[in-house]
Amino acid sequence: MARWAIAIHGGAGVDPNLPEHRQEEAKRVLARCLQVGVDLLRAGTPALDVVEAVVRELETDPFFNSGRGSALTRRGTVEMEASIMDGRGRRCGAVSGVSTVKNPVSLARRVMDKSPHSYLAFDGAEEFAREQGLETVDNSYFITEDNVGMLKLAKEAGSILFDYRIPLTGTDTCSALAGADNHNGMVMNGLPISIYAPETVGCAVVDATGACAAATSTGGLMNKMAGRIGDSPLIGSGTYACGACAVSCTGEGEAIIRSTLARDVAAVMEYKGLPLQQAVDFCVRERLDEGFAGLIAVSSDGEVAYGFNCTGMFRGCATEDGFMEVGIWE
């Protein structure tokens, strides 16, 4: 029998000035969702069902950027995306441009299980969700007052805003946002970006049979162009699972897409023979070029690993031997 293990994340790249009470709130959400997965694994639930259930919990809580609480497009709407992958047989499902489905990760699961395809987007994904009887809600359900305010600030600053947990007040708000570009010198596809802290959520699990699975879900970037698709729904980039491991990524989507980051972890294990943590460290160090990102991973042997090259990553993990932790910083 293999040893079960689980890892979750709520995004990589955390502002060091995140207020203490917000840090504690993040840890409480992570601990609660992690416990959901632990309880299911102790009950013998298959890895694929566990990752879906845990990501559903993360999507339902508005703290992180997925499901309710998702980032807003420049139009003020929500366009969500998600993916899920079963390491046994490398089956997968993904969706993009979802605007009414309460839990996008469950729609991705239905794409995998109930359709002849691996990826559906926008109107086609919404239509399939209705055909499958999945719960849908008005787009306003996903929109929070905080995010409406931060979209306004991002538009005034003329930037894509990544870290919208930090309440910025006063007359210098917009200049503070704009000044972040000069302070960190960060760019995306050659364009300056604001404070970097995406909040994609994800889960990677190996169950007691050694089966691996992963799932990732996000609302994307605040003030993003309508129709923008990031790494989260892209199999091999934001999500990957195979016989060796399961991986979920978070961070600068365009960099993760270019590096096929999730698949590279598995490839390094397969072709270089590296153990899980060394494979994670190698990919974070060597594959991201100038991008910033993080990832969580589990191996079929019950190992847990994570890595990031930015300031902090919301994360949690647990193993069958009783180890459990949640963290943000190094």
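Hydrogens, waters and symmetry mates are skipped; everything else that's a heavy atom, side chains included, is used.
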Separation between CD of E59 and OG of S66, rounded to the nearest 0.5 Å: 5.0 Å

Nearest heavy atoms of M85 and C92, plus distance in Å: CG-CB, 4.0 Å

S259 side-chain N/O to A255 backbone N/O, donor-acceptor pair under 3.5 Å: yes

Gap between atom CG of L107 and atom CE of M80 - 0.5 Å precision: 9.5 Å

By salt bridge (Lys or Arg N to Asp or Glu O under 4.0 Å) - contacts of R68 (at least two apart): none

Polar contact flag, side-chain donor to acceptor under 3.5 angstrom, T209-D207: yes

pair F308-R315: side-chain heavy atoms closer than 4.5 Å: yes

Side-chain H-bond candidate by donor/acceptor type, E79 with S99, under 3.5 Å: no

Salt bridge present between E270 and R263 (N-O < 4.0 angstrom): yes

P233 to A94 - nearest heavy-atom pair and separation: O-CB, 3.1 Å

From K224 atom NZ to L151 atom CG, the distance as rounded to the nearest 0.5 Å: 11.5 Å

ILVMFWY network linking V98 to M222, side-chain heavy atoms under 4.5 angstrom: yes

Min side-chain heavy-atom separation V201-I8 under 4.5 Å: no

Any donor-acceptor N/O pair, N65 side chain to A71 backbone, under 3.5 Å: yes

Atom pair OG1/CD1 of T260 and I235 - distance to nearest 0.5 Å: 12.5 Å

Under 3.5 Å donor-acceptor, D138 side chain and S140 backbone: yes

Closest non-hydrogen atom pair, A266 against Y240: CB-CE2, 3.7 Å

Enclosure of E145 CD (heavy-atom neighbours >12, cutoff 6.0 Å): no

Heavy-atom side-chain contact between S106 and E52 under 4.5 Å: yes

Side chain to side chain contact (heavy atoms under 4.5 Å, CB included) between F64 and D61, worked out: CA-CA 7 Å; F64 293 117; D61 193 292; 5.7 Å; no

Criterion side chain to side chain contact (heavy atoms under 4.5 Å, CB included) on K102 and T136, from CA distance to verdict: CA-CA 5 Å; K102 191 172 184 179; T136 58; over 6 Å; no

Value rounded to 0.5 Å, distance of CD1 in I296 from SG in C203: 6.0 Å

Exceeds 12 heavy-atom contacts within 6.0 angstrom, atom CE of M225: no

Closest non-hydrogen atom pair, A204 against A246: CB-O, 3.7 Å

Non-hydrogen side-chain atoms of N223 and L72 separated by less than 4.5 Å: no

For C212 against C242, the heavy-atom pair lying closest together: CB-O, 3.7 Å

Cluster overlap W4 with V326, hydrophobic side-chain contacts below 4.5 Å: yes

Single-linkage hydrophobic cluster, 4.5 Å side-chain cutoff, L58 and V14 together: yes

Exercise: do E126 and T100 side chains pair donor with acceptor under 3.5 Å: yes

Heavy-atom side-chain contact between R32 and V29 under 4.5 Å: yes

Co-membership, hydrophobic cluster, residues V205 and V105, 4.5 Å side-chain: yes

Any donor-acceptor pair under 3.5 Å from N309 side chain to A293 backbone: yes

Min side-chain heavy-atom separation H9-Y306 under 4.5 Å: no

CG on D231 to SG on C249, rounded to 0.5 Å: 6.5 Å

Within 6.0 Å of CZ in R56, more than 12 heavy atoms from elsewhere: no

Donor-acceptor pair, side chain of E81 and main chain of G220, under 3.5 angstrom: no

Nearest atoms (heavy-atom pairs only) where V206 meets S299: CG1-O, 3.3 Å

Test side chain to side chain contact (heavy atoms under 4.5 Å, CB included) applied to F142 and N147, step by step: CA-CA 10 Å; F142 304 103; N147 285 355; over 6 Å; no

With sequence neighbours excluded, residues passing salt bridge (Lys or Arg N to Asp or Glu O under 4.0 Å) with D86: R91

Candidate pair E254 and R228, rule salt bridge (charged side-chain N to carboxylate O under 4.0 Å, His left out), full reasoning: CA-CA 11 Å; E254 280 68 9; R228 183 261 184 184; 2.9 Å; yes

Note: E25-R22 ion pair, threshold 4.0 Å (strictly below): yes

Distance-only side-chain donor-acceptor flag, S248 / T216, under 3.5 Å: yes

Non-hydrogen side-chain atoms of C245 and M269 separated by less than 4.5 Å: yes

Candidate pair F63 and R28, rule side chain to side chain contact (heavy atoms under 4.5 Å, CB included), full reasoning: CA-CA 10 Å; F63 187 89; R28 285 194 296 271; over 6 Å; no

Check residues 44-51 and write down every donor-acceptor pair under 3.5 Å in which the side-chain atom is one partner and the other belongs to a residue at least two apart or another chain.
residue: T45; atom: OG1; partner: L40; partner atom: O; Å: 2.9
residue: D49; atom: OD1; partner: R109; partner atom: NH1; Å: 3.0
residue: D49; atom: OD1; partner: R109; partner atom: NH2; Å: 3.1

Test log, rule salt bridge (charged side-chain N to carboxylate O under 4.0 Å, His left out), inputs E290 and R258: CA-CA 11 Å; E290 297 181 355; R258 293 194 301 269; over 6 Å; no

Contact check, side chains of Y119 and S83, non-hydrogen atoms, under 4.5 Å: no

ILVMFWY network linking V280 to L261, side-chain heavy atoms under 4.5 angstrom: yes

Pair D321, T319: side-chain N/O donor-acceptor within cut-off below 3.5 Å: yes

